[in-house]
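Read through the structure below, which is laid out as structure tokens, and then see the notes.
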There are 2 protein chains.
Amino acid sequence: MKNNEVPEIVISRLPLYVQTLNQLLRDGKSVVSSSELGDKLKMTSSQIRRDLSYFGGFGKKGTGYDIISLMESLRKILNLNQIWQVVMVGVGHVGQALLNYDGFSRKGFEIIAAFDVSPKVIGKKYGTLEVKSVDDMEKEICTLQVEIGAITVPAESAQLVCDRLVKCGIKAILNYAPVALVVPDGIQVSNIDPVLQLQKMTYYLK
Amino acid sequence: MKNNEVPEIVISRLPLYVQTLNQLLRDGKSVVSSSELGDKLKMTSSQIRRDLSYFGGFGKKGTGYDIISLMESLRKILNLNQIWQVVMVGVGHVGQALLNYDGFSRKGFEIIAAFDVSPKVIGKKYGTLEVKSVDDMEKEICTLQVEIGAITVPAESAQLVCDRLVKCGIKAILNYAPVALVVPDGIQVSNIDPVLQLQKMTYYLK
DNA sequence: TAGATTGTTAATCGATTAACAATC
DNA sequence: TAGATTGTTAATCGATTAACAATC
């Protein structure tokens, strides 16, 4: 790490730890060692202890980690003890699947607004949420404190939508469009493109 | 790298190169240098040249890379010059979105069978594809030469579905369920979990 | 030719792993 | 106490970058 920042790759593993701890908890366990956790995640116990040590000491020597308290610590580090509001742009098939996906809300992410260009979906309701015209996007969200946006529009319009979201103060973007978005420094982008994933797997096939 | 294998991280960048080359082509360019490509992808030109050099020399000194021929070479390396058949299990909201997503077929991935447990969707047609009962999965696909499976079932049943797919000869799995699947050596798994992506971004927010 | 850019090697950087003293 | 496992440091490993000769 450059100064005293935690490497991004370490951060990206924390949600996996939370997920696995949850699973262990559901299996009825209450304590776990770094090597058990490592087995589950196909990682070395060293790496897990090293990762955690960036944030402090969470275990008890000779015993391991209390699952609930470790999970709580990690959730606090990742800012997961709050409900994060999300704005969605594009209510095609992917957008609709996301609106219907309860995993979002169960994990603390709430879609509070959805926009589209098509009169076919504008006005449509998903639960209590009504799809609005993308023309009204700035008016609707720039005053709110939303920090997360989901882009589920076609590739051609993704960059434009992205620019507009950033202008409205969005700081993190979940991008479903198959394009590499250009954003200013300090804006997080996560790309979800199943085709890229498939294309790297086919290298190993045949 | 251990022996003479290409590092996985290099492989994972190749589809991005293909994507960007496509974009440049659409913009009307026919030649690109490693530094231009690096600018687009926020990478150093060194890294791009190093990555490509694992597979040979594709450029011309003093000039750069012919976009079409580099793209063609990369597509061949990734085995993208064929149509890959995909079997899908789970036709809920996510599965339906995938069935309706034309990006799959446009990029050479064809969903040839879809299975579900629910009588509500069994028999339903998406284009020419009819959803079948998951009970018939083995009967339907074990004899085929499909190598790719998409798991779009709830978390609870994902591992079971995964085991059955592997038994049918599936070698690569696109997993939409929020669980870490356990698979035998040599089976590729790519996880698509938007929540994990969101959870690593929230670390940097607030 | 002169300028540009590749392909490749060596240097650097960062991440992972091994080892072990501390201690529950 | 003896056994187990943490937290941390040092060693190792692998990936990225810089540099440059080759050459289009």
Side-chain angles (χ1 to χ4, degrees), chain A residues 1-17 20-21 24 29-74 77 180 200 203, chain B residues 1-17 20-21 24 29-74 76-77 200 203:
Chain A
M1 63 202 150
K2 216 180 301 169
N3 23 33
N4 64 338
E5 262 179 45
V6 180
E8 209 181 303
I9 194 156
V10 171
I11 303 299
S12 73
R13 283 192 289 259
L14 302 186
L16 281 171
Y17 296 159
T20 307
L21 291 169
L24 289 167
K29 304 207 54 159
S30 63
V31 170
V32 70
S33 69
S34 58
S35 48
E36 284 177 88
L37 203 49
D39 288 348
K40 286 261 174 205
L41 286 160
K42 286 184 195 146
M43 298 168 53
T44 62
S45 60
S46 279
Q47 183 163 53
I48 289 172
R49 294 199 302 280
R50 179 85 248 260
D51 281 359
L52 297 179
S53 76
Y54 281 106
F55 305 97
F58 302 104
K60 202 190 286 189
K61 299 187 187 197
T63 313
Y65 302 86
D66 178 82
I67 293 179
I68 291 186
S69 95
L70 177 56
M71 204 170 69
E72 211 29 66
S73 303
L74 292 176
I77 291 165
K200 80 185 184 210
Y203 172 81
Chain B
M1 58 197 156
K2 215 179 302 166
N3 24 34
N4 64 338
E5 261 179 46
V6 181
E8 209 180 303
I9 194 156
V10 171
I11 302 299
S12 74
R13 284 192 289 259
L14 302 186
L16 281 172
Y17 296 160
T20 308
L21 290 170
L24 289 167
K29 305 207 50 157
S30 63
V31 170
V32 70
S33 68
S34 58
S35 47
E36 284 177 87
L37 202 50
D39 289 347
K40 287 261 174 204
L41 286 160
K42 286 183 196 146
M43 299 170 52
T44 62
S45 60
S46 279
Q47 183 164 53
I48 290 172
R49 293 198 302 279
R50 179 86 248 257
D51 281 0
L52 296 179
S53 77
Y54 282 105
F55 305 97
F58 301 106
K60 202 189 286 189
K61 299 185 186 195
T63 312
Y65 301 86
D66 179 82
I67 294 179
I68 292 186
S69 97
L70 176 56
M71 204 170 68
E72 211 30 66
S73 303
L74 293 175
K76 191 174 285 175
I77 291 165
K200 79 186 185 208
Y203 172 82

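Letters A, B, ... mirror the listed sequences (proteins, then strands); counts begin at 1.
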Is any side-chain N or O of B:Ser46 closer than 4.0 Å to OP1 or OP2 of D:dT16? no
Side chain of B:Thr44 only, please: which of C:dA15, C:dT16, D:dT17 is the nearest? D:dT17
From NZ of B:Lys42 over to P of D:dT16, roughly how many Å is that when rounded to an integer? 17 Å
For a quick test of reading the model, state the closest non-hydrogen atom pair linking B:Phe58 to B:Leu52 and the distance between them. CE1-O, 3.5 Å
Could you give the CD-to-P distance, from A:Glu5 to C:dC13, as a whole number of Å? 17 Å
Working to the nearest 0.5 Å, report the span between CE of B:Met43 and OG of B:Ser34. 10.0 Å
Atom pair distance, as rounded to whole Å: CG in B:Asp66 and P in D:dC24: 16 Å
Figure out the OH/C1' separation between A:Tyr54 and D:dT9, and round it to whole Å. 13 Å
Any idea which of D:dA15, C:dT16, C:dA19 is nearest the A:Arg50 side chain? C:dT16
From CD of B:Gln47 over to P of C:dC13, roughly how many Å is that when rounded to an integer? 16 Å
Has the side chain of B:Glu36 got a donor or acceptor atom that lies under 3.5 Å from a matching backbone atom of B:Ser33? yes
According to the salt bridge (charged side-chain N to carboxylate O under 4.0 Å, His left out) rule, which pairs have a member within residues 6-15 of chain A, sequence neighbours left out? A:Arg13-A:Asp51
Please tabulate the protein-to-nucleotide N/O contacts below 3.5 Å involving nucleotides 2-7 of chain D, giving atom names and distances.
| from | atom 1 | to | atom 2 | distance (Å) |
| --- | --- | --- | --- | --- |
| D:dT5 | O4' | A:Gly62 | N | 3.1 |
| D:dT5 | O2 | A:Gly62 | N | 3.2 |
| D:dT6 | OP1 | A:Ser34 | N | 2.6 |
| D:dT6 | OP2 | A:Ser34 | OG | 2.6 |
| D:dG7 | OP1 | A:Phe58 | N | 2.8 |
| D:dG7 | OP1 | A:Gly59 | N | 2.7 |
| D:dG7 | OP1 | A:Gly59 | O | 3.4 |
| D:dG7 | OP2 | A:Tyr65 | OH | 2.7 |
| D:dG7 | N7 | A:Arg49 | NE | 2.8 |
| D:dG7 | O6 | A:Arg49 | NE | 3.4 |
| D:dG7 | O6 | A:Arg49 | NH2 | 2.9 |

Could you provide the dot-bracket string of DNA chain D, using ( ) for intrastrand pairs, [ ] for crossing pairs and | for bases paired to another strand, with Watson-Crick or G-U pairs below 3.5 Å? ..||||||||||||||||||||||
Between B:Ile9 (CD1) and D:dG14 (P), how many Å, whole number? 13 Å
CD1 (A:Ile77) and OH (A:Tyr17) are apart, to the nearest 0.5 Å, by 11.5 Å
